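Have a look at the structure below before the remarks.
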There are 2 protein chains.
Amino acid sequence: MISVVIIGAGNVATHLFKAFSKANSITVNQWFNRNLNSINSYKNEVEIIDNLSLLKDADIYIIAVSDDAIAELSEQLPFENRLVVHTSGSVSIYDIDKKQKRGVFYPLQTFSKDAEMDFANVPVCIETIGGGEHYNLLKNLALSIGSPTKKVNSDQRRVLHLAAVFVNNFTNQLYRIGHEITESEGAEFDLLKPLILETAKKVQELSPYMAQTGPAKRHDKKTIKKQLKQLENKQHKDIYELLTSSIQQTHGRKKL
Amino acid sequence: MISVVIIGAGNVATHLFKAFSKANSITVNQWFNRNLNSINSYKNEVEIIDNLSLLKDADIYIIAVSDDAIAELSEQLPFENRLVVHTSGSVSIYDIDKKQKRGVFYPLQTFSKDAEMDFANVPVCIETIGGGEHYNLLKNLALSIGSPTKKVNSDQRRVLHLAAVFVNNFTNQLYRIGHEITESEGAEFDLLKPLILETAKKVQELSPYMAQTGPAKRHDKKTIKKQLKQLENKQHKDIYELLTSSIQQTHGRKKL
Ligand SMILES: NC(=O)c1ccc[n+]([C@@H]2O[C@H](COP(=O)([O-])OP(=O)(O)OC[C@H]3O[C@@H](n4cnc5c(N)ncnc54)[C@H](OP(=O)(O)O)[C@@H]3O)[C@@H](O)[C@H]2O)c1
Ligand SMILES: NC(=O)c1ccc[n+]([C@@H]2O[C@H](COP(=O)([O-])OP(=O)(O)OC[C@H]3O[C@@H](n4cnc5c(N)ncnc54)[C@H](OP(=O)(O)O)[C@@H]3O)[C@@H](O)[C@H]2O)c1
């Protein structure tokens, strides 16, 4: 049995609480938030607290609060030498107060409050300092909620977080631009949804390199020119040009 | 029963042939390609030809060849006043020779030779000139293979094709950059695959506007600066800056 305390009540903390509660080999001893309102509805399932001095023993303390608050919160913990982890992709493991055993339990996924999350689709990147014991404990925690795990170092975690910005935030902005462009002519964004899904599915099997198609890769100058002319928004034009050039960089110039 | 002739033997033609063959209310009378080798393996299922003068009667002739070859091929058809459509997102309906009844049957999806395609996930955009009769025939053809349909005009079709470049080709290039960045530190691109899928799934229900998260939207200057520093490739930096600025354009400046 692995005992945990959850600190914070945002997207990640809430999804973790639900997953831990369902797992047979995990007990959530306490759930802390600075503001009890957010977790009040769980009070029959778990002890909820808003005072760090009430914290009890546990195998793992998980700090799932905003990146900026992690260091300060970890300093305030009223004990030492226990395993304390944060869940951030970008915050240093050394931001956790050095009187604790430090670790990172970074779920590489995008969480929103309402959407259900199957943790089989949440690879957990684990970073610890030294000893394999903490690594194994965190790995078992992840496995108990069905998550695949990966041991990473700080550079690898940072780079995964950066790549996540490209494939999640930036990709989502391309969807947004698709939305703007279609609506400008009274066409329906909905028609693009199956294509969006298929594009994401394709790279589950094929490398993005192999999956690429379209006018940029074909160096189809006529279509590229026509499409640039079609775009009215200057920034959309810039994005079109830059990503076209990036694709051509990746796939090489076609000899004419 | 709707009778069709397929012209061309690429990705689209092949997927259409398979879907039409399975549909009860469609017969494929003939399959033309300039080069019989590509369709030789289907000769027991359908009459294959490489000579346009052998073309027989059919309700619909579908020209699914490279964009540049559509006009020329349609000119060579040895008949007139029949319903001839192409399958391109960007080619004008008027590229089809004017002695025919012209139409467009544009499947808004990305096809590859090997991957199976369920036509329920292929919205077909239909464009015709004048008469509702041809529109209805093309609509029934699409419905017979399980595809949703949408009546579009030329501007809407062009804009859908342009948006498709953003959500398919450009998105795929962001996946590619994610691949490059992770591998540069010996991290695994595979870890990003569930996130890629979830990002695409999110906008099936939520608008891309609502689905946005991350440092750009939060105007998290510290993280943005750190991540820009992390990027070694000049073009990746430019893409990071441009898409960050695009997100901030969409979501407005945060008051400090
Ligand atoms: N969201 C994701 O998709 C995702 C994915 C992977 C990793 N992460 C990481 O997981 C962590 C939490 O992210 P999240 O999305 O769950 O955040 P969130 O939904 O914004 O929630 C933030 C939580 O932090 C608490 N908090 C903020 N400032 C605090 C302070 N000074 N002292 C105490 N508590 C404070 C908030 O308390 P109140 O309820 O009182 O406001 C809230 O419970 C972050 O490190 C993030 O980088 C997030
Ligand atoms: N691929 C997609 O995801 C997709 C999606 C929507 C719409 N479309 C549109 O569908 C059409 C076909 O695309 P595709 O991807 O199927 O193409 P493709 O796989 O590249 O195949 C092109 C076909 O056109 C034939 N062809 C090329 N030049 C020709 C010429 N001068 N005379 C006669 N035949 C010629 C080729 O014949 P050979 O076999 O002899 O080379 C081949 O059968 C295009 O208009 C495209 O814009 C494609």
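Chain letters run A, B, ... following the sequence lines, proteins first, then strands; residues in each count from 1. Heavy atoms only: backbone and side chains are in, while hydrogens, waters and symmetry mates are out. If you're wondering where the values come from, they're calculated on a predicted model, not measured in any experiment.
- If you tally non-hydrogen atom pairs under 4.5 Å between each of A:V152, A:T244, A:N168, A:T182 and chain B, the highest count goes to A:N168.
- In this structure, B:Q230 CD and B:T223 OG1 are separated by 10.0 Å, a value rounded to the nearest 0.5 Å.
- The candidate with the highest count of non-hydrogen atom pairs below 4.5 Å against chain B, out of A:S207, A:P123, A:A216, is A:P123.
- Taking the centre of each ring, A:H251 and A:Y209 come in below the 6.0 Å mark.
- If you measure heavy-atom distances from B:L174 to chain A, the contacts under 4.5 Å come from both the backbone and the side chain.
- Rounded to the nearest 0.5 Å, atoms NE2 (A:H219) and CD1 (A:I224) are 8.0 Å apart.
- Within residues 62-70 of chain B, the residues that have a heavy atom under 4.5 Å from a heavy atom of chain A are B:D68, listed by number.
- Using a 4.5 Å cut-off between heavy atoms, B:Y240 touches chain A through backbone and side chain atoms alike.
- Contacts with chain B were tallied for A:N233, A:D155, A:N121, A:I247; A:I247 has the most, counting heavy-atom pairs under 4.5 Å.
- Interface remark: B:R157 contributes no atoms to any contact with chain A (heavy atom separation under 4.5 Å).
- With a 4.5 Å cut-off on non-hydrogen atoms, A:K150 touches chain B through its side chain but not through its backbone.
- In this structure, the portion of B:Q249 lying under 4.5 Å from any heavy atom of chain A is its side chain and not its backbone.
- Residues from residues 88-96 of chain B that place a non-hydrogen atom less than 4.5 Å from a non-hydrogen atom of chain A comprise B:S90, given in numerical order.
- B:F119 and B:H15 have tilted rings, their planes meeting at an angle from 30° to 60° on a 0 to 90° scale.
- Contact of A:I177 with chain B is made through the side chain alone, with heavy-atom distances under 4.5 Å.
- Heavy atoms closer than 4.5 Å to chain A are found nowhere in B:P148, neither backbone nor side chain.
- When heavy atoms are compared at a cutoff of 4.5 Å, B:V203 approaches chain A by way of both its backbone and its side chain.
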